[in-house]
Peer 1: 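Quick one: the structure is below, questions incoming.
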Amino acid sequence: MKKNERAGHRAKKSLGQNFLQDDNICGKIVDAIFPEADDHIIEIGPGQGALTRYLAETPCRLTVIEKDDGLADRLEAEYPGLEILRRDALEFPWATLDGPCKIIGNLPYNIGSKLIWDIVSSVRGLQRAVFMVQHEVAMRLTAKSGNKTYGGLTAWVRNFAETKYLFKVPPTVFRPRPKVDSAVVAFVPLSANRRPEDPERLSLLIKTLFQQRRKQVSTILRKQWTPEVAAWFEENAVDTRIRPENLTPEQFRSLSQRL
Ligand code: SAM
């Protein structure tokens with residue numbers, strides 16, 4: 001059997017296939033979603049079933065989303081009756097998901113940030129999420145404002161969920177081994193009154209400011225500098241010369257409402 005090939009499956013780099021081999025870590029990730037009897041848990045990218053095996057032992061309803069047909073075939077054979085959606089999670093209509101759910105996954109590294117951006121902001125019934133991502137992305141998701149790793153993803157996600165860095169995972173527990181460390185992050189959605197009223201506007205502000213993150217906020221917003229915007233800085237005692245990374249997620253939300 002060739003390197004990166006297990007039980008006849010050759011890992012596809014294009015699909016970020018790094019399969020977890022450590023039972024203890026798999027168990028810890030599944031425990032972190034706090035599975036309870038009436039839960040509907042959705043797993044993204046079940047792959048060879050490292051997490052699925054543990055999820056299938058819980059009393060929860062389980063749905064998995066897998067883009068690789070070959071892997072989906074094997075899961076179907078191993079878990080008859082498992083709800084398998086053979087689709088691209090990036091194109092999944094997250095906003096149309098009905099009812100409460102929890103979402104879990106050891107995410108493909110190349111699409112982790114984009115998926116998390118979409119999921120936290122679109123899944124209305126989201127109760128909790130637990131994702132393994134690149135360690136560097138985990139640092140961004142959990143950074144405090146003013147920190148070097150604080151960026152657009154941080155400001156956006158934290159307007160929808162609180163994030164908690166759970167634990168680091170070394171490359172040695174995967175086959176094939178990735179080049180970088182991974183980490184597991186938990187997401188707890190914010191109550192409706194703490195979420196942005198106009199997510200489009202917030203997204204535009206975050207993208208505009210972080211595209212020029214080294215400049216002062218007043219310079220970047222020169223063309224939108226209305227009296228309402230100026231008043232926001234005064235009312236909130238925020239120096240107009242600060243850089244985007246010094247605005248908290250909450251300040252991004254409240255400033256976006258003035259633009
Ligand atoms: N959960 C398994 C584990 O922990 O060993 C596999 C994790 S592997 C990092 C990522 C998985 O996501 C692979 O099974 C891959 O085929 C799947 N995948 C990659 N891109 C996907 C996409 N756009 N939509 C759905 N699944 C995808």
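Start at 1 and go down the list; that is how both ligands and their atoms are numbered.
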Peer 1: Parallel, tilted or perpendicular: which one describes the rings of Phe174 and Tyr109, with boundaries at 30° and 60°?
Peer 2: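 The arrangement is perpendicular - the two ring planes meet at more than 60°.
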Peer 1: Below 4.0 angstrom from a heavy atom of Glu43, which ligand 1 atoms are there? Numbered from 1 as shown, please.
Peer 2: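 Going through ligand 1 atom by atom, the ones under 4.0 Å from Glu43 are 1 (N).
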Peer 1: With atoms numbered from 1 as shown, which atoms in ligand 1 lie under 4.0 angstrom from a non-hydrogen atom of Gln17?
Peer 2: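 Checking each atom against Gln17, I get 13 (C), 15 (C), 16 (O).
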Peer 1: Ignoring angles and geometry beyond distance, decide whether Gly47 reaches within less than 3.5 Å of ligand 1 through its nitrogen or oxygen atoms.
Peer 2: yes
Peer 1: Pick one of side chain, backbone, both or neither for how Ile111 approaches ligand 1, counting any non-hydrogen atom pair under 4.0 Å.
Peer 2: side chain
Peer 1: Only heavy atoms of Asp68, strictly under 4.0 Å: list the atoms of ligand 1 that pass.
Peer 2: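 Going through ligand 1 atom by atom, the ones under 4.0 Å from Asp68 are 16 (O).
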Peer 1: Between Lys67, Glu66, Lys12, flag the one that comes closest to atom 17 (C) of ligand 1 by a heavy atom.
Peer 2: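 The residue whose heavy atom sits nearest atom 17 (C) of ligand 1 is Glu66.
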Peer 1: Starting from atom 19 (C) of ligand 1, what is the nearest protein heavy atom, named by residue and atom, and what distance separates them?
Peer 2: Leu15 O, 3.1 Å
Peer 1: Closer than 4.0 angstrom, basic N to acidic O: yes or no for Arg158 and Glu250?
Peer 2: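 A salt bridge is absent here (no side-chain N lies under 4.0 Å from a carboxylate O).
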Peer 1: Under 4.0 Å from any heavy atom of Asp88, which atoms of ligand 1 are there?
Peer 2: 22 (C), 23 (N), 24 (N)
Peer 1: Could you tell me which atoms of ligand 1, counted from 1 in the order shown, lie closer than 4.0 angstrom to a heavy atom of Gly16?
Peer 2: 8 (S), 9 (C), 10 (C)
Peer 1: Strictly distance-based, threshold 3.5 Å: is any side-chain N or O of Arg258 a donor or acceptor partner for the main-chain N or O of Glu228?
Peer 2: yes
Peer 1: Have a look at Phe131 and tell me which of Ile116, Val137, Asn106, Val185 forms a side-chain contact (heavy atoms from CB on, under 4.5 Å) with it.
Peer 2: Ile116
Peer 1: If you have a sec, work out which protein heavy atom is nearest atom 20 (N) of ligand 1 and how many Å separate them, to one decimal?
Peer 2: Pro108 CG, 3.5 Å
Peer 1: Pick out which of Arg74, Gln17, Gln48 makes a side chain to side chain donor-acceptor pair (under 3.5 Å) with His9.
Peer 2: Gln17
Peer 1: Between Arg86 and Glu76, is there a side-chain N and carboxylate O pair less than 4.0 Å apart?
Peer 2: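 Salt bridge: yes.
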Peer 1: Answer yes or no: is there an ion pair linking Lys12 with Asp68, defined by an N-O contact shorter than 4.0 Å?
Peer 2: yes
Peer 1: Suppose I only count heavy atoms of Arg87 and a 4.0 Å limit; which atoms of ligand 1 are within that range?
Peer 2: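 Those of ligand 1 that fall under 4.0 Å from Arg87 are 24 (N), 25 (C).
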Peer 1: Sort out for me which residue in Lys102, Gln127, Glu43 forms a side-chain contact (heavy atoms from CB on, under 4.5 Å) with Ile33.
Peer 2: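 Of Lys102, Gln127, Glu43, side-chain contact (heavy atoms from CB on, under 4.5 Å) with Ile33 is met by Lys102 alone.
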Peer 1: Please report which non-hydrogen protein atom sits nearest to atom 1 (N) of ligand 1, along with the residue it belongs to and the distance in Å to one decimal place.
Peer 2: Gly45 O, 2.8 Å
Peer 1: Under a plain distance cut-off of 3.5 Å, with no hydrogens placed, do Trp156 and Ser203 share a side-chain donor-acceptor pair?
Peer 2: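 No, Trp156 and Ser203 have no side-chain donor paired with an acceptor closer than 3.5 Å.
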Peer 1: My understanding is that only one of Val133, Val120, Leu107 makes a side-chain contact (heavy atoms from CB on, under 4.5 Å) with Leu115; could you say which?
Peer 2: Leu107
Peer 1: So between Ile44, Asn106, Leu115, whose heavy atom ends up nearest atom 3 (C) of ligand 1?
Peer 2: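 Ranked by closest heavy atom to atom 3 (C) of ligand 1, first place is Asn106.
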Peer 1: Looking only at protein heavy atoms, identify the closest one to atom 5 (O) of ligand 1 and say how far it is in Å.
Peer 2: Leu20 N, 2.8 Å
Peer 1: Given Ala89, Ala50, Gly49, Pro46, identify the one with the heavy atom nearest to atom 2 (C) of ligand 1.
Peer 2: Pro46
